[in-house]
Amino acid sequence: MELFWYIVLMTMLAVYVILDGYDFGAGIIHLFFAKTEKDKKAITNAIGPFWDANEVWLIAAGGVLFFAFPTLYASSFSGFYLPLIMILWLLIFRAIGLELRGQVHNKMWEAVWDKAFGVASLFLALFFGIALGNVVRGVNLGMVTNGVSAHEAHYFFLPLWNPTFSPQAEHLGIIDWFTLMLGIIGVVSLTIHGANWIIFKTNSDLNSKLKNVIFKLNIVLLALIILSLLVWHLIKPQPFYNFLQYPWLWVFPIIFFIGHLGLFKIKSFKKDGTGFLFSSMFLFGGLASTMASIFPKLLPSTNSTNPDLTIYNMAAHEYGLSVGIYWFVVAIILVVVYFTIQYKVFKGKMDDIGYGEH
């Protein structure tokens, strides 16, 4: 049962990254590349009917985490309290940036909310990448100092950074050079993903420019991926152990590299949705490969005093996990029906929907 709910949780997170990820990417494109009012409207039109529904997957994933792995939920929301509050504020500013911009037709008003939308999207992409870096690196469970645990084995708390900015320090911070690297990879990846969504859903004058942006950012992304794989050995000895033990797991890195390499052909795609398909494969493959590499760990311990938090020592009681399946089936049917209707109603190009106009 633990494995089933772990797969459910990871699937929900992957869907969230793919769906709300294009919203973040569109916001970054809006911040740096949308120079005219026409371009800005095209971008907000492309994500307008979808962004709030896409956030449901994050809430649902949080619900599954609370239900299936309650101790991990308590530990994580305590240890990562500061960045989680910052993410909450960023989500709020992204939302009100989209919703309030069109309420008053004034250039200063519109400029403020344009920046709120773009900057919030940029930092959300950065923080979610940093969050993944913290999961890969692990945390100092129990707040161990000199081999002595100061708290319960599942407790930890991290400041934003430590004085050394090192991922190998005894007392870690949220941000260090390794997690920041993954944060930058997150920003670049979601910018590419958002650009692909804009190309897919609009006939904007930006589209030809965005294909060049995607191609160049893909080169940057390749360099960052190679660098991160090299330094991964410093952070996690034998990072590919699970892939050697279970060869079928290589399907995830294969999906990852097919998605990434496919994006180099962005300028030659005849169908506008092809690029979005490849960037979705890249994001899914990358997230799945990362989680497969640390399985069955949910949050590794950086000390030898307290054990890692795994799907087995963090799971709820077997009875509760079993009963939850019935409600999960009902919920997933409702979600599939809702999203099917939504994407059917808003299929095709979105240039003329006039989102946020008053």
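The analysis underlying the following values was restricted to heavy atoms, covering all of them including side chains, and did not include hydrogens, waters or symmetry mates.
In this structure the side chain of Leu263 reaches within 4.5 angstrom of the side chain of Asn196, judged on heavy atoms. A heavy-atom distance below 4.5 Å is not found between the side chains of Leu31 and Ser121. Using a 4.5 Å cut-off on side-chain heavy atoms (C-beta onward), Thr202 and Trp197 make no contact. Looking only at side-chain heavy atoms (C-beta outward), Phe128 and Val17 stay at 4.5 Å or farther from each other. Looking only at side-chain heavy atoms (C-beta outward), Leu334 and Val330 come within less than 4.5 Å of each other. Residues Ser204 and Ile43 have side chains not in contact (no heavy-atom distance under 4.5 Å, counting atoms from C-beta outward).
Considering all non-hydrogen atoms of both residues, Leu190 and Phe24 come closest at CD1-CD1, 3.7 Å. Of all the heavy atoms in Trp177 and Pro167, the pair that sits closest is NE1-CD, 2.9 Å. Taking each heavy atom of Ala153 and Asn306 in turn, the nearest pair found is CB-OD1, 3.5 Å. Residues Tyr155 and Ser78 approach most closely at CE1-OG, 3.5 Å, considering heavy atoms. Asn134 and Phe80 make their closest contact through OD1-CE2, 3.9 Å (heavy atoms, listed as atom of the first residue, atom of the second, distance). Nearest heavy-atom pair, Ser289 versus Gly285, reported as atom, atom and distance to 0.1 Å: OG-O, 2.6 Å.
Inspection of the Thr164 and Asn162 side chains reveals an N or O donor paired with an N or O acceptor under 3.5 Å.
Between the Asn313 side chain and the Asp308 main chain, a donor and an acceptor come within less than 3.5 Å of each other. Judged by distance alone, with hydrogens and angles left aside, the side-chain atoms of Ser75 form a donor-acceptor pair with the main-chain N or O of His154 at under 3.5 Å. Side-chain atoms of Trp250 come within 3.5 Å of backbone atoms of Phe243 as a donor-acceptor pair (strictly under, hydrogens ignored). No donor-acceptor pair under 3.5 Å is formed between the side chain of Lys211 and the backbone N or O of Ile199. In this structure, Asn140 contributes its side chain and Glu170 its backbone to a donor-acceptor pair below 3.5 Å. With hydrogens and angles disregarded, no donor-acceptor distance shorter than 3.5 Å links the side chain of Thr274 to the backbone of Phe269.
Ionic pairing of Glu37 and Arg101 is present here: one or more N-O contacts between side-chain nitrogen and carboxylate oxygen are shorter than 4.0 angstrom.
Following chains of ILVMFWY side-chain contacts shorter than 4.5 Å, one can reach Ile226 starting from Ile192, so the two form part of one hydrophobic cluster. Ile59 and Phe77 fall into different hydrophobic clusters, defined by Ile, Leu, Val, Met, Phe, Trp and Tyr side-chain heavy atoms under 4.5 Å apart, directly or through other members.
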Should Phe67 and Trp327 be marked as a side-chain contact (heavy atoms from CB on, under 4.5 Å) after you check the CA-CA gap, both sets of side-chain angles, and the distance that decides it?
CA-CA 12 Å; Phe67 156 73; Trp327 295 104; over 6 Å; no

Go through it in stages, so that I can follow the logic: the residues are Trp57 and Asp20, the test is side-chain contact (heavy atoms from CB on, under 4.5 Å), and I'd like the CA-CA distance, side-chain angles, deciding distance and then a yes or no.
CA-CA 9 Å; Trp57 289 99; Asp20 214 22; over 6 Å; no

Would you sort out whether Val56 and Tyr338 count as a side-chain contact (heavy atoms from CB on, under 4.5 Å), showing the intermediate values?
CA-CA 11 Å; Val56 169; Tyr338 172 77; over 6 Å; no

Please test Phe69 against Leu309 for side-chain contact (heavy atoms from CB on, under 4.5 Å), starting from the C-alpha separation and ending with a verdict.
CA-CA 10 Å; Phe69 306 103; Leu309 305 186; over 6 Å; no

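For CZ of Phe93, the number of neighbouring non-hydrogen atoms (other residues, nucleotides, ligands) closer than 6.0 Å is 12 at most. The local environment of NZ in Lys216 is sparse, with at most 12 non-hydrogen atoms from other residues, nucleotides or ligands closer than 6.0 Å. The environment of CZ in Phe157 is crowded: more than 12 heavy-atom neighbours from other residues, nucleotides or ligands sit within 6.0 Å. Residue Gln168 places its CD atom among more than 12 non-hydrogen atoms of other residues, nucleotides or ligands, all under 6.0 Å distant. The number of heavy-atom neighbours closer than 6.0 Å to OH of Tyr81, taken from other residues, nucleotides and ligands shown, is 12 or below. Enclosure of atom OH in Tyr343 by more than 12 non-hydrogen atoms of other residues, nucleotides or ligands within 6.0 angstrom is indicated. Counted within 6.0 Å of CH2 on Trp232, heavy atoms from surrounding residues, nucleotides or ligands total more than 12; the atom is thus considered enclosed.
With Arg137 as the fixed residue, the side-chain contact (heavy atoms from CB on, under 4.5 Å) test singles out one of Asp176, Leu132, Leu299: Asp176.
In this structure, Phe295 has its ring center at least 6.0 angstrom away from the ring center of Tyr246. Between Trp51 and Phe117, the gap from one ring centroid to the other reaches at least 6.0 Å. Proximity of the aromatic rings of Phe200 and His193 is defined here by a centroid distance below 6.0 angstrom, and this criterion is not met.
Between His260 and Phe282, the ring planes lie tilted relative to each other; the angle falls in the 30° to 60° range. Ring orientation note: the planes of Phe127 and Phe123 are tilted relative to one another, at an angle of 30° to 60°.
With Phe33 as the aromatic partner, Lys209 does not meet the cation-pi criteria of under 6.0 angstrom to the ring centre and within 45 degrees of the ring axis.
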